[in-house]
Amino acid sequence: DAKTTQPTSMDCAEGRAANLPCNHSTISGNEYVYWYRQIHSQGPQYIIHGLKNNETNEMASLIITEDRKSSTLILPHATLRDTAVYYCIVRVVSNTGKLIFGQGTTLQVKP
Amino acid sequence: GAVVSQHPSWVICKSGTSVKIECRSLDFQATTMFWYRQFPKQSLMLMATSNEGSKATYEQGVEKDKFLINHASLTLSTLTVTSAHPEDSSFYICSATPRGGARAMNTEAFFGQGTRLTVV
């Protein structure tokens, strides 16, 4: 699985969009970009994933650059409950469910 | 959505004793479950892959005799921390994937809520 690089921490004002970057310059053509988050003392929660097209769901949007070497997770209207560690994971889609977590970005949403 | 439940949510045990943590998939069958450990302010570290009906596969550096994994059914995997010591105190998390994969549910795996182990 390709290595990812994320900023250690970020702040965001409540109600504003939170943009979390992820670099994955060694991504392979068959690897997807996944985003999970972990609220303090809970198990990780799936957010979104994509291959090369931008994706949107009820939680967030995922913007992947054309060369696929980086991506941005966008939380359009951050709330205090979005304070969490956000993990960007690059991997080949499979049926195994195995995920290797990097250090992630700690997002602090402030009132 | 699919639910994975861990029990207990937290446990305190004395040094030298063993502790068993259960991971159950409540509404789907999981041929594969994973166990992670997370120390404070650190990321999740994969410990082992639990395969139903066969031996677990451990990641490098994880002692298989200390962290016993049993996956006796398609809905239950257990992790037993044997002869626990204070350095084993951690947050243990399991995940499970439905048979045939979870892509139809737009995720790779479903995670339990975690078990906080404190060894005193």
Side-chain angles (χ1 to χ4, degrees), chain A residues 1-9 20 22 30-51 53-62 73 83-108, chain B residues 1-6 9-10 21 23 25 28-52 56-57 59-60 77 90-118:
Chain A
D1 299 338
K3 178 179 169 57
T4 62
T5 303
Q6 298 177 252
T8 302
S9 63
L20 292 92
C22 179
N30 60 347
E31 288 183 311
Y32 283 67
V33 180
Y34 283 82
W35 283 85
Y36 282 77
R37 74 179 182 184
Q38 185 182 24
I39 296 171
H40 183 63
S41 294
Q42 296 183 26
Q45 175 191 23
Y46 166 83
I47 302 174
I48 199 167
H49 76 282
L51 181 63
N53 297 322
N54 297 337
E55 302 287 345
T56 296
N57 62 21
E58 64 278 4
M59 288 183 68
S61 294
L62 173 61
L73 177 74
T83 293
V85 180
Y86 288 77
Y87 296 99
C88 170
I89 300 171
V90 171
R91 55 157 293 152
V92 175
V93 172
S94 73
N95 291 332
T96 67
K98 182 176 180 178
L99 292 167
I100 304 299
F101 289 82
Q103 292 306 305
T105 296
T106 299
L107 174 68
Q108 181 72 48
Chain B
V3 177
V4 174
S5 177
Q6 280 185 242
S9 297
W10 60 271
I21 302 170
C23 178
S25 56
F28 64 93
Q29 294 182 329
T31 52
T32 305
M33 292 183 174
F34 298 90
W35 288 95
Y36 298 82
R37 180 169 55 181
Q38 186 175 34
F39 293 109
K41 298 189 184 302
Q42 294 187 23
S43 185
L44 288 80
M45 185 193 78
L46 180 65
M47 298 175 66
T49 303
S50 171
N51 300 298
E52 188 266 337
T57 303
E59 296 298 306
Q60 190 173 8
S77 175
S90 188
F91 192 53
Y92 291 87
I93 304 168
C94 72
S95 73
T97 302
R99 297 177 78 178
R103 275 172 283 164
M105 292 178 244
N106 287 322
T107 184
E108 280 294 292
F110 299 97
F111 288 85
Q113 76 274 27
T115 297
R116 181 150 319 271
L117 169 64
T118 303

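Only heavy atoms go into these numbers, but all of them, side chains included; no hydrogens, no water, no symmetry mates. Just so it is clear: chains get the letters A, B, ... in the order the sequence lines come, proteins before strands, and each one is counted from 1. Being a predicted model, the structure only gives us computed values, none of them experimental.
The contact list for residues 36-43 of chain B toward chain A, using heavy atoms and a distance under 4.5 Å, reads B:Y36, B:Q38, B:Q42, B:S43 by residue number.
Listed by chain and residue number, B:T32, B:F34, B:N51, B:T57 satisfy the side chain to side chain contact (heavy atoms under 4.5 Å, CB included) test with B:T49 (two or more places apart in sequence, or in another chain). Applying the side chain to side chain donor-acceptor pair (under 3.5 Å) criterion to B:Q29, with sequence neighbours excluded, gives B:R99. Applying the side chain to side chain donor-acceptor pair (under 3.5 Å) rule to B:Q6 yields the partners B:T115; only residues at least two apart in sequence or on another chain are considered.
Your options are A:H40, A:Q103, A:Q45, and the one with the most heavy-atom pairs under 4.5 Å with chain B is A:Q103.
Neither the backbone nor the side chain of A:T106 comes within contact range of chain B, judged by heavy atoms closer than 4.5 Å.
Interatomic distance, B:L44 CG to A:Q38 CD, rounded to the nearest 0.5 Å: 5.0 Å.
Checked against a 6.0 Å centroid threshold, the rings of A:Y46 and B:F110 do not count as neighbours.
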